[in-house]
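These notes are about the structure you will find just below.
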Amino acid sequence: MTRTTTAAPPLTVSTRILDDPGTVLRHTLRDRPLAFVRNGDGIVGIGEALRFTFTGPDRMRDAAAVWRSVVEAATVDDPVQLRGSGLVAFGSFAFADDSADESVLIVPRVVIGRRRGKAWLTAIDTTVGAEPLAFTRTSVPVPHVGPHVSVTLRPGRIDEAAYAANVAEAVRRIVAGGAQKVVLARDLVGTLPPGADRRAVLLDLAAAYPQCVTFAVDGLVGATPETLARTDGTRLTARVLAGSAARGTDEVSDRAAAEALAASAKDVEEHAFAIDSLLASLRPLVTELRADPEPFRLQLPNLWHLATDVQATLPPDTTSLDVADALHPTAAVAGTPTDVAVRLVAELEGVDRGRYAGPVGWMGATGDGEWMLALRSARIDDDGTVRAWAGAGVVAGSEPAREVAETALKFRPVTDALA
Ligand SMILES: C=C(O[C@H]1C=CC=C(C(=O)O)[C@@H]1O)C(=O)O
């Protein structure tokens with residue numbers, strides 16, 4: 001079911017070169033940030049020109065269709081022509097087809113972007129008959145950001161004991177046949193202090209995890225390492241992560257941890273399910289599909305992951321959101337086989353994941369964009385309620401206590417940013 005809360009008026013979109021805006025995250029709104037930033041490059045949004053909401057199994061397909069109509073009706077003046085300049089939308093989609101949470105596509109009023117030393121500003125006007133901006137270059141003052149935000153997070157609806165029991169039950173079901181892998185998650189909750197500047201949380205996430213994408217869309221904030229689908233014309237790239245280990249405390253133990261991860265039959269199996277599911281979903285859609293023959297070890301500040309990069313060629317007119325729709329949910333966030341795993345996640349967790357582990361990202365007028373998996377994240381509601389989620393892949397060889405410890409490490413981006 002699709003519900004559009006705002007009709008799509010014809011948009012007038014102008015992009016202009018911007019003098020150095022400093023850290024782009026500072027420019028989004030303190031209470032309603034919109035952001036997609038990696039290594040200082042990326043886009044942030046200010047205000048909302050259009051907001052569309054979606055629910056149900058067709059939520060991404062419906063969003064892709066709405067986006068095509070928005071683009072068709074828009075007049076875009078974009079001499080800058082960089083990735084993320086011109087008309088863009090930010091999006092965040094629920095994990096489950098039957099989630100009660102709405103998925104969203106938001107077209108900001110203003111976008112500030114930075115890429116490889118160049119910066120731009122895009123103004124998106126909903127007034128009928130609006131003229132494009134009359135200048136060629138502009139500058140903006142760098143906004144002040146409030147102090148670090150501290151939140152006490154406590155167990156949510158699934159505490160450590162319940163999570164360990166869920167993992168044990170998942171192992172029993174896997175051993176009995178049916179599912180081969182199930183990704184189970186648990187949650188932490190807290191309350192943001194009144195008046196907290198959400199941008200301070202984003203700045204902390206981006207400083208600690210520069211190689212991840214720091215995102216903020218409709219209250220969902222995080223720093224995720226996993227790219228579900230990134231498109232550039234007909235070129236598609238993805239990065240599959242599954243299989244994790246704690247970083248060592250010194251160089252020797254850190255190297256040993258990475259080597260143990262690569263040699264761990266349990267983690268290699270967990271990774272194989274994730275990459276196999278992605279490749280199987282991509283095969284009918286793409287040509288020239290290539291994947292690393294072996295996973296590599298991806299180093300993050302809190303974890304080692306097994307990672308595989310994937311490339312493929314898309315047919316023309318396939319948008320990044322079409323690809324995300326075809327791929328979601330991979331076995332990095334659901335399990336294998338997908339349908340059995342999704343049912344088991346719902347049964348064992350018994351709580352709506354909302355938009356945790358769903359696609360989050362942005363898309364431009366050509367359909368190019370980047371959709372990440374909303375991991376290492378928390379949902380901050382308007383009333384300040386914070387709910388963070390972290391999960392781990394469970395296979396036949398999983399041990400409940402180890403998965404509890406792994407999820408604690410995956411909470412760290414959020415728990416550290418809110419410490
Ligand atoms: C489900 C999460 O991580 C996934 C992504 C990378 C590694 C994973 C793992 O090793 O279990 C998970 O599949 C999460 O961070 O909440």
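Residue indices begin at 1 and follow the sequence shown. Predicted model only: the values in this text are computed from it and were never measured. Excluded from the calculations below are hydrogen atoms, water molecules and symmetry mates; all remaining heavy atoms, backbone and side chain alike, are included.
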*Carefully, step by step, assess V213 and V37 under the rule side-chain contact (heavy atoms from CB on, under 4.5 Å).*
CA-CA 5 Å; V213 167; V37 173; over 6 Å; no
*I would like to know whether R376 and T224 meet side chain to side chain donor-acceptor pair (under 3.5 Å); could you show each step before the answer?*
CA-CA 6 Å; R376 324 293 148 88; T224 176; over 6 Å; no
_Derivation of the salt bridge (charged side-chain N to carboxylate O under 4.0 Å, His left out) call for E160 and R154_ = CA-CA 11 Å; E160 290 189 3; R154 55 185 194 282; over 6 Å; no
*Report the C-alpha distance between I124 and T122 in whole Å, list the side-chain angles of each, state the deciding distance to 0.1 Å, and finish with yes or no for side-chain contact (heavy atoms from CB on, under 4.5 Å).*
CA-CA 7 Å; I124 299 166; T122 299; 4.0 Å; yes
*Check the pair S281 / T330 against side-chain contact (heavy atoms from CB on, under 4.5 Å), numbers first and verdict last.*
CA-CA 9 Å; S281 308; T330 71; over 6 Å; no
*Kindly indicate, with the supporting measurements, whether the criterion side-chain contact (heavy atoms from CB on, under 4.5 Å) is fulfilled by K118 and V80.*
CA-CA 9 Å; K118 278 197 181 154; V80 174; 5.7 Å; no
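The existence of a salt bridge linking R61 and D322 is excluded, since no basic side-chain nitrogen approaches an acidic carboxylate oxygen closer than 4.0 Å. Ion pairing of R32 with D382 is present here, as a side-chain N (NZ or NE/NH1/NH2) and a carboxylate O approach within less than 4.0 Å. E288 and R283 are not joined by a salt bridge, as no carboxylate oxygen comes within less than 4.0 angstrom of a charged side-chain nitrogen. Ion pair E370/R38 flagged as a salt bridge, since at least one NZ, NE, NH1 or NH2 atom sits closer than 4.0 Å to an Asp/Glu carboxylate oxygen. Under 4.0 Å is where a charged nitrogen must lie from a carboxylate oxygen, and between E48 and R51 at least one such pair does. A salt bridge is absent between R157 and D187; no separation between the charged side-chain nitrogens and carboxylate oxygens falls under 4.0 Å. The existence of a salt bridge linking D97 and R59 is confirmed by a sub-4.0 Å separation between a basic side-chain nitrogen and an acidic carboxylate oxygen. Under 4.0 Å is where a charged nitrogen must lie from a carboxylate oxygen, and between R353 and E349 at least one such pair does. The pair R173-E169 counts as a salt bridge, with a side-chain nitrogen and a carboxylate oxygen less than 4.0 angstrom apart. Remark: D20 engages R114 in a salt bridge, criterion side-chain N to carboxylate O under 4.0 Å. By the 4.0 Å N-to-carboxylate-O rule, R402 lies too far from E406 to be salt-bridged with it. Of the charged side-chain nitrogens involved, at least one lies within less than 4.0 Å of a carboxylate oxygen, so that R16 and D77 count as a salt-bridged pair.
Remark: of the listed residues R379, R355, E102, R355 is the sole one forming a side chain to side chain donor-acceptor pair (under 3.5 Å) with S92.
The closest side-chain heavy-atom distance from W362 to I43 is below 4.5 Å. For the pair L50 and L11, the minimum side-chain heavy-atom distance is below 4.5 Å. Looking only at side-chain heavy atoms (C-beta outward), R116 and D41 come within less than 4.5 Å of each other. Between R412 and T415, some side-chain heavy-atom pair lies under the 4.5 Å cut-off. Contact annotation: the side chain of R198 approaches that of D31 to within less than 4.5 Å [non-hydrogen atoms, C-beta and beyond]. Within the 4.5 Å cutoff, the side chain of F52 has no heavy atoms near those of the V104 side chain. Using a 4.5 Å cut-off on side-chain heavy atoms (C-beta onward), T15 and L121 make no contact. By the 4.5 Å heavy-atom criterion applied to side chains, I158 and V351 are counted as neighbours.
Side chain of H148 to backbone of A200: no donor-acceptor contact under 3.5 angstrom is found. At distances below 3.5 Å, not a single donor-acceptor pair connects side-chain atoms of T23 with backbone N or O atoms of R26. Judged by distance alone, the side chain of R247 and the main-chain N or O of L300 form a donor-acceptor pair under 3.5 Å. Between the side chain of D267 and the main chain of G243, no donor-acceptor pair closer than 3.5 Å is present. A donor-acceptor pair under 3.5 Å links the side-chain atoms of Y163 to the main chain of L184, judged by distance alone. Between the D159 side chain and the A162 main chain, a donor and an acceptor come within less than 3.5 Å of each other. Judged by distance alone, the side chain of W67 and the main-chain N or O of T319 form no donor-acceptor pair under 3.5 Å. Although no hydrogens or angles enter the test, the distance criterion places no donor-acceptor pair under 3.5 Å between the side chain of D325 and the main chain of M60. A side-chain donor-acceptor contact under 3.5 Å links H271 to the backbone of A242. In this structure, the side chain of K181 does not engage the main chain of T336 through any donor-acceptor pair within 3.5 Å.
For F93 and W371, the distance between ring centers is under 6.0 angstrom.
Summarising the geometry, atom OG belonging to S320 is positioned 5.5 Å from atom CE belonging to M363; distances are rounded to the nearest 0.5 Å. For the atom pair CG of L306 and CD1 of I275, the computed distance is 11.5 Å after rounding to the nearest 0.5 Å. Note: F215 CZ to F36 CZ = 9.5 Å, rounded to the nearest 0.5 Å. To the nearest 0.5 angstrom, L105 atom CG is 11.0 Å from F90 atom CZ. Here the CG-CG distance, from D232 to D368, works out to 5.5 Å after rounding to the nearest 0.5 Å. Atoms CZ and OG, from F411 and S377 in turn, are 9.5 Å apart once rounded to the nearest 0.5 Å.
L133 and A123 make their closest contact through CD1-CB, 3.8 Å (heavy atoms, listed as atom of the first residue, atom of the second, distance). The two residues A216 and V221 have their closest heavy-atom pair at CB-CG1, 3.9 Å. Contact detail for V323 and L282: the closest heavy-atom pair is CG1-CD2, 4.2 Å. In plain terms, the two heavy atoms of P329 and F95 that are nearest each other are CB-CE1, 4.0 Å. Heavy atoms only, all atoms of each residue included: T28 and I46 are closest at CA-CG1, 4.2 Å. Minimum heavy-atom separation, A331 to S277: N-OG, 3.0 Å.
Around the CG atom of D383, the shell of radius 6.0 Å holds more than 12 heavy atoms that belong to other residues, nucleotides or ligands. By the neighbour-count criterion of 12 heavy atoms within 6.0 Å, atom CZ of R137 is densely surrounded, having more than that number from other residues, nucleotides or ligands. Heavy atoms of other residues, nucleotides or ligands lying less than 6.0 angstrom from CD of E294 number 12 at most.
Side chains of T308 and D292: no donor on one and acceptor on the other come within 3.5 Å. Side chains of T127 and D125: a donor on one and an acceptor on the other come within 3.5 Å.
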